[in-house]
Amino acid sequence: MRNWIIGVIGVVVIGFVAFMMLARPAQSPSSTAGNSSQKSQKAEQSQSPSATAQAVSIENFTFMPQTLTVKKGTRVTWTNQDSVRHDIVSEDDSPQKGLSSPLLGKGETYSFSFDTAGTYKYYCVPHASMSSMHATVTVTE
């Protein structure tokens with residue numbers, strides 16, 4: 001019985017440490033902290049193409065919008081609104097492999113300019129098993 005209790009306590013401690021490591025703010029210089037006043041958009045909403053800038057919010061373990069259409073040359077900025085850390089990483093079949101952010105803490109942002117037309121599928125590595133943590137940017141000419 002005593003060994004069982006020690007085992008349960010060990011699992012709880014390991015789970016807590018793992019959660020705290022994901023929840024800590026990122027230390028990477030390539031991410032920038034900032035306040036976001038961007039409005040949340042429906043997760044499945046597709047925005048019309050724009051040649052300037054677009055925003056994606058990460059809230060409640062969801063990229064919002066999950067489908068975004070932009071013109072070539074558009075800079076997209078992701079802002080993490082969750083208290084846990086997330087990242088943005090290209091899936092293997094995306095045309096531009098450079099889409100790869102550090103883990104972002106709450107309020108931190110990551111920006112990427114889409115200079116090549118195509119469909120960019122991306123996801124959050126720590127939460128890859130969640131369908132809401134997969135999204136797409138379609139870049140048009």
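From a predicted model like this one, the values you see are computed outputs, not experimental measurements. Numbers for residues simply follow the sequence, beginning at 1.
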*Verify side chain to side chain contact (heavy atoms under 4.5 Å, CB included) between Val89 and Leu99, making sure each step is shown before the conclusion.*
CA-CA 6 Å; Val89 177; Leu99 183 59; over 6 Å; no

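- Side chains of His134 and Glu91: a donor on one and an acceptor on the other come within 3.5 Å.
- One finds the OG1 atom of Thr62 at 12.5 Å from the CD atom of Gln81 (value rounded to the nearest 0.5 Å).
- Residue Thr138 holds its OG1 atom at 15.0 Å from NZ of Lys71, rounded to the nearest 0.5 Å.
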*Thr136/Thr119 under side chain to side chain contact (heavy atoms under 4.5 Å, CB included): CA gap, chis, key distance, verdict*: CA-CA 7 Å; Thr136 303; Thr119 300; 3.4 Å; yes

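- The CG atom of Leu103 lies 9.5 Å from the CD atom of Glu108; values are rounded to the nearest 0.5 Å.
- Smallest separation of non-hydrogen atoms from Glu59 and Met64: CB-CE, 3.3 Å.
- Aromatic ring centroids of Phe112 and Phe114 lie under 6.0 Å apart.
- Shown here for Ser113 and Arg75, the closest heavy-atom pair between the two residues is OG-NH1, 3.3 Å.
- Screening Val139, Thr74, Val76 for a side-chain contact (heavy atoms from CB on, under 4.5 Å) involving Leu68 leaves a single residue, Val76.
- For His86 and Phe61, the ring centers are positioned less than 6.0 Å apart.
- Rounding to the nearest 0.5 Å gives a distance of 9.0 Å between OG of Ser132 and CG of Asn60.
- Summarising the geometry of Ser90 relative to Tyr123, their closest heavy-atom pair is O-CE2, 3.9 Å, with the distance given to 0.1 Å.
- In the hydrophobic cluster analysis, where Ile, Leu, Val, Met, Phe, Trp and Tyr join through side-chain heavy atoms closer than 4.5 angstrom, Val84 is grouped together with Trp78.
- Residues Val137 and Val70 are in side-chain contact: their nearest non-hydrogen atoms beyond the backbone lie under 4.5 Å apart.
- Checking side-chain atoms of Asn80 against main-chain N and O of Leu104 turns up a donor-acceptor pair under 3.5 Å.
- Contact between Thr116 and Lys72 at its shortest, heavy atoms only, is N-CG, 4.1 Å.
- Across all non-hydrogen atoms, the minimal contact from Thr140 to Ala117 is C-CB, 4.4 Å.
- Rounded to the nearest 0.5 Å, atoms CG (Asp87) and CE (Met133) are 8.0 Å apart.
- Residues Tyr122 and Pro65 come closest through the heavy atom pair OH-O, 4.3 Å.
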*Phe63 and Ile88: CA distance, side-chain angles, deciding distance, side chain to side chain contact (heavy atoms under 4.5 Å, CB included) verdict*: CA-CA 10 Å; Phe63 290 113; Ile88 299 96; 4.0 Å; yes

